[in-house]
Amino acid sequence: MIYCENSCLEAMALHHVGNRTYDDGVNKSECLLNLDEGLRKVLVQYFIGAFKTEGLYRFDHHSGLDYNFVYRQVSDIFDNPDDLLRHSYQLADQLYETSDHNKIKSGEFYVVYFSELELDGQRADAVGLFKSENKEIFLQVIRQGYANVLRYDEGVDVRKLDKGCIILNVKKDDGYVVAVVDNTNKSDAKYWVEDFLGVMPRQDKYFQTQNFMSVCKSFVTKQLPEEFEISKADQVELLNRSVQYFKENDEFSMQDFSSSVLEQPEVIESFNSYKERYQSEREITLEDSFSISGEAVKKQSRSFKSVIKLDKNFHIYVHGDRRMIEQGEDEKGRYYKVYYNEEY
């Protein structure tokens, strides 16, 4: 999580960045914003409140970190925070250059310097890059004499951050520790994360847990039925055992997982081959041992469906002992027989 109780918003630059496709241009401020204490608190909540640190990122570039424009600018800001405004101009120009998709909305671009921000258990100064694109209509009730007058205005909803990035001043040589929010970029090009920031996921415990659970699910539901004769009930049981392993353990061991979950040598061999292909296709590395992320387990578990769908008539949810369900066939057709002790 990101904690800001002891953090302070030290300085902020605000510019308006348009869409380069329409030659909107960049409207730059000539000075940093002068903020009172009340507005600082509102802005901190607006900027920080939308972040969930599941899946952190780092800056990257195929030719080396120094070729990542945002990384260089942020590094210079950390070296000399008094130069925030000058670097904010260059960051605004870079954002404009990458805003060349016709669906990208113009909006306000904020460059913020925080002191003593805590991110994922690490405390340090941080730079925040944020963009607000969507406007809301707000009603205002104004008292005039003996009457109430209703007016409306258009502005930014401080409960909804559209795009954001927080860079903590740690692990500089590894591209910093970066948290990212992108709540508006659903159908158009991913210009905020890929084109502007140039970040990629950090291969930390969240990354390892998330991807390994994805491999397990994909292997059981797609690959296993192609290689082996396996019933839906056995697939569901294997999915349940996989999730249970991650829920019950703090540390992952490939050897332990293979023996306690996959069990059969031929299944283990098939899984290892499938995992190698998964890594190669995505250009990632899955470790044989790592600390398990509870946040990743909670999120990934939702996609593991313990259900057997029978035509359009029945769904059987299997949460426990596989021995309590049997499959067979008679003159009426195929069937499942379910045993139980109590009915609720």
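- Taking CZ of R58 as the start and CG of D174 as the end, the distance is 5.5 Å to the nearest 0.5 Å.
- Other residues, nucleotides and ligands place no more than 12 heavy atoms under 6.0 Å from the CG atom of N34.
- In this structure, S29 and L14 approach most closely via the heavy-atom pair OG-O, 2.5 Å.
- Under a cut-off of 6.0 angstrom, the local environment of OH in Y22 is crowded, with over 12 non-hydrogen atoms contributed by other residues, nucleotides or ligands.
- Distance check: R72 CZ to L91 CG gives 10.5 Å after rounding to the nearest 0.5 Å.
- Aromatic ring pairs are classed by plane angle as parallel below 30°, tilted from 30° to 60° and perpendicular above 60°; the pair F290 and F212 is tilted.
- Taken together through direct or relayed side-chain contacts under 4.5 Å among Ile, Leu, Val, Met, Phe, Trp and Tyr, V42 and V44 form part of one hydrophobic cluster.
- Side-chain atoms of N68 come within 3.5 Å of backbone N or O of V70 as a donor-acceptor pair.
- Using bins of under 30°, 30° to 60° and over 60° for the plane-to-plane angle, the ring pair Y245/F257 lands in the perpendicular bin.
- For V199, the side-chain contact (heavy atoms from CB on, under 4.5 Å) partners at least two apart in sequence or on another chain are Y57, F59, V178, V180, V193, L197.
- Atom OG of S253 and atom CG of D288 lie 8.0 Å apart (nearest 0.5 Å).
- Using a 4.5 Å heavy-atom threshold, the side chains of L139 and L150 count as touching.
- Put simply, the side chain of F252 does not reach to within 4.5 Å of the side chain of T209, judged on heavy atoms.
- Comment: E237 engages R241 in a salt bridge, judged by a side-chain N to carboxylate O separation of less than 4.0 angstrom.
- Considering only residues two or more places apart in sequence or on other chains, Y96 meets the side-chain hydrogen bond (donor to acceptor under 3.5 Å, both in side chains) condition with none of them.
- Contact detail for A296 and M213: the closest heavy-atom pair is O-SD, 4.4 Å.
- Hydrophobic clustering, with ILVMFWY side chains joined whenever heavy atoms are under 4.5 angstrom apart, keeps I142 apart from F138.
- Hydrophobic clustering places I48 together with L35 (ILVMFWY residues linked when any side-chain heavy atoms are closer than 4.5 Å, directly or through intermediates).
- The CG atom of D250 sits 8.0 Å away from atom OG of S291, with the distance rounded to the nearest 0.5 Å.
- A donor-acceptor pair is defined here as one N or O able to donate and one able to accept, closer than 3.5 Å; such a pair exists between the side chain of D125 and the backbone of E116.
- When atom types are taken as modelled, the side chain of N19 and the backbone of I104 share a donor-acceptor pair closer than 3.5 angstrom.
- Salt bridge absent: K160 and D162 never bring a charged side-chain N and a carboxylate O closer than 4.0 Å.
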_K171 vs D173, test: salt bridge (Lys or Arg N to Asp or Glu O under 4.0 Å). Steps then yes/no._
CA-CA 6 Å; K171 299 184 179 180; D173 293 340; over 6 Å; no
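- Hydrophobic clustering places V297 together with M254 (ILVMFWY residues linked when any side-chain heavy atoms are closer than 4.5 Å, directly or through intermediates).
- To the nearest 0.5 angstrom, L238 atom CG is 8.0 Å from C216 atom SG.
- With a 4.5 Å cut-off on side-chain heavy atoms, Y191 and K163 count as touching.
- In terms of heavy-atom proximity, V181 sits nearest to W192 at O-NE1, 3.6 Å.
- S99 is not listed as a side-chain neighbour of F196, based on a closest heavy-atom distance of 4.5 Å or more.
- Not one N or O on the side chain of R123 forms a donor-acceptor pair closer than 3.5 Å with the backbone of E118.
- Although no hydrogens or angles enter the test, the distance criterion places a donor-acceptor pair under 3.5 Å between the side chain of Q235 and the main chain of V220.
- In this structure, Y110 and M12 approach most closely via the heavy-atom pair CD2-SD, 4.1 Å.
- Judged by distance alone, the side chain of Q300 and the main-chain N or O of N211 form no donor-acceptor pair under 3.5 Å.
- Both F78 and L84 are part of a single hydrophobic cluster, where members link through side-chain heavy atoms under 4.5 Å apart.
- Between D76 and R86 there is no salt bridge, since none of the side-chain N atoms of the basic residue sits less than 4.0 Å from a carboxylate O of the acidic one.
- At most 12 non-hydrogen atoms from other residues, nucleotides or ligands lie less than 6.0 angstrom from CD of E283.
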*asked:* If you apply the rule side chain to side chain contact (heavy atoms under 4.5 Å, CB included), what do you find for V26 with F109, and how did you get there?
replied: CA-CA 10 Å; V26 181; F109 177 56; over 6 Å; no
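- The minimum heavy-atom distance between I268 and S258, with the atom names listed, is CD1-O, 3.6 Å.
- Looking only at side-chain heavy atoms (C-beta outward), V111 and H87 stay at 4.5 Å or farther from each other.
- With hydrogens and angles disregarded, no donor-acceptor distance shorter than 3.5 Å links the side chain of Q203 to the backbone of I284.
- Under 3.5 Å, the side chains of S293 and E295 contain a donor-acceptor pair of N or O atoms.
- In E248, the CD atom is crowded: over 12 heavy atoms of neighbouring residues, nucleotides or ligands sit closer than 6.0 Å.
- A donor-acceptor pair under 3.5 Å is absent between the side-chain atoms of S218 and the main chain of V215, judged by distance alone.
- At most 12 non-hydrogen atoms from other residues, nucleotides or ligands lie less than 6.0 angstrom from CD of E269.
- In this structure, the salt bridge (Lys or Arg N to Asp or Glu O under 4.0 Å) partners of K135, at least two apart in sequence or on a different chain, are E108.
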_Derivation of the side-chain hydrogen bond (donor to acceptor under 3.5 Å, both in side chains) call for S88 and H15_ = CA-CA 8 Å; S88 74; H15 312 297; 2.8 Å; yes
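- Here the CD1 atom belonging to I77 is positioned 10.0 Å from the CG atom belonging to L85, to the nearest 0.5 angstrom.
- Under the 3.5 Å distance criterion, the side-chain polar atoms of S259 are matched with a main-chain donor or acceptor of Q255.
- Residues S75 and Y176 share a closest heavy-atom pair of OG-OH, 3.0 Å.
- With Y278 as the aromatic partner, R282 meets the cation-pi criteria of under 6.0 angstrom to the ring centre and within 45 degrees of the ring axis.
- For the residue pair N134 and K105, a side-chain donor N or O sits within less than 3.5 Å of a side-chain acceptor on the partner.
- Taking the six-membered ring where the residue is Trp, F219 and Y274 present tilted rings, their angle falling between 30° and 60°.
- Residues E266 and E227 form no side-chain contact, since every pair of their non-hydrogen atoms from C-beta on lies 4.5 Å or further apart.
- Using a 4.0 Å cut-off between a side-chain N of Lys or Arg and a carboxylate O of Asp or Glu, E133 and K131 qualify as a salt bridge.
- Counting non-hydrogen atoms of other residues, nucleotides and ligands closer than 6.0 Å to CZ of R159 gives a total of 12 or fewer.
- Taking the centre of each ring, F47 and F130 come in below the 6.0 Å mark.
- Annotation: side chain of D66 is in contact with side chain of Y71 (closest heavy-atom distance under 4.5 Å).
- No donor-acceptor distance shorter than 3.5 angstrom exists from the side chain of Q94 to the backbone of F69, with no hydrogens or angles considered.
- Between I166 and L168 there is no side-chain heavy-atom pair separated by less than 4.5 Å.
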